[in-house]
Amino acid sequence: MNIKRNIIILLIIAILAFIFIAVRELMTATPLTKQEMTNQVETMYQAKVHSLIKQNSHYIASFEKEQSVYEVRIHPITGEVSKLQAVHIVQAEQQIESTKNNNNPPTARLTEQQAIDIARSEVNGVLDSVDFKESTDGGHYFIEMDQEDLEITVQIHAITGEILLIEYED
């Protein structure tokens, strides 16, 4: 009887050890591969990813869409994409450069309300604040809006009305 009992105890210990190892393996999250993160961003934004760089605990993916360069932050475990940021908007820079080359004086600056209307045409949200910063190229409006759990900043060139940056922060 002792032998049967010892065998049953060993069998129960082996089964419990197997269950413990299996559960631990299932609970351990494996990071996404660089290719999986690249595919996710390309599918989400319909654009080709130029670079994917590890920065602290996240990756930063850079891609071009409609002649502008954007960056997004990707969590390597969850695949969550956040903080979309326009890094380089070609069209606005070309217009500013064209104005400088033609030696035309800057035209009238947009009103605060016009800048808000431009931001709202691109981003839905509740207006939080509007700031104007003077610069040598005519200045910029910074429109801050709230959208559910996101804080969105839209930078608008005060002369051309071009959106220079849209930054999403959670």
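What you see is a predicted model; the values in this text were computed from it and never measured.
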Output a table of donor-acceptor pairs, distance under 3.5 Å, between side-chain atoms of residues 33-40 and any protein atom two or more places apart or on a different chain; print 'none' if there are none.
from: T33; atom 1: OG1; to: E36; atom 2: N; distance (Å): 3.0
from: T33; atom 1: OG1; to: E36; atom 2: OE1; distance (Å): 3.4
from: Q35; atom 1: NE2; to: N39; atom 2: OD1; distance (Å): 2.8
from: E36; atom 1: OE1; to: T33; atom 2: N; distance (Å): 2.8
from: T38; atom 1: OG1; to: K34; atom 2: O; distance (Å): 2.8
from: N39; atom 1: ND2; to: Q35; atom 2: O; distance (Å): 3.4
from: Q40; atom 1: NE2; to: G79; atom 2: O; distance (Å): 2.6

Side-chain donor-acceptor pairs under 3.5 Å in residues 53-64, sequence neighbours left out?
none

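Separating the CD1 atom in I74 from the CD atom in E71 is a distance of 11.0 Å, to the nearest 0.5 Å. To the nearest 0.5 Å, atoms NE2 (H50) and OH (Y70) are separated by 12.0 Å. Here the CG atom belonging to L127 is positioned 6.0 Å from the CE atom belonging to M145, to the nearest 0.5 angstrom.
Side chain of E169 to backbone of E151: no donor-acceptor contact under 3.5 angstrom is found. Of the possible donor and acceptor atoms, none in the side chain of E144 sits under 3.5 Å from a partner among the backbone N and O of S129. Between the side chain of H157 and the main chain of D137, a donor-acceptor pair closer than 3.5 Å is present.
Both I116 and V123 belong to a common hydrophobic cluster when Ile, Leu, Val, Met, Phe, Trp and Tyr are linked at side-chain heavy-atom distances under 4.5 angstrom.
A 4.5 Å side-chain heavy-atom check between I118 and Y141 finds every atom pair outside the cut-off. Residues Q114 and I156 are not in side-chain contact: their nearest non-hydrogen atoms beyond the backbone lie 4.5 Å or more apart. Q147 has its side chain out of reach of V126: every pair of non-hydrogen atoms, C-beta onward, lies at least 4.5 Å apart. Considering only heavy atoms from C-beta on, V154 stays 4.5 Å or farther from E122 through its side chain. Two residues are said to be in side-chain contact when any heavy atoms from C-beta on lie closer than 4.5 Å; M44 and V41 fail this criterion.
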Test side chain to side chain contact (heavy atoms under 4.5 Å, CB included) on Q155 and I163; report intermediate values, then the result. CA-CA 6 Å; Q155 181 182 0; I163 296 174; over 6 Å; no
Between F142 and K133, does a side chain to side chain contact (heavy atoms under 4.5 Å, CB included) hold up when you go through it step by step? CA-CA 8 Å; F142 294 87; K133 302 281 189 226; 3.4 Å; yes
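By the side chain to side chain contact (heavy atoms under 4.5 Å, CB included) test, D117 pairs with Q113, sequence neighbours left out.
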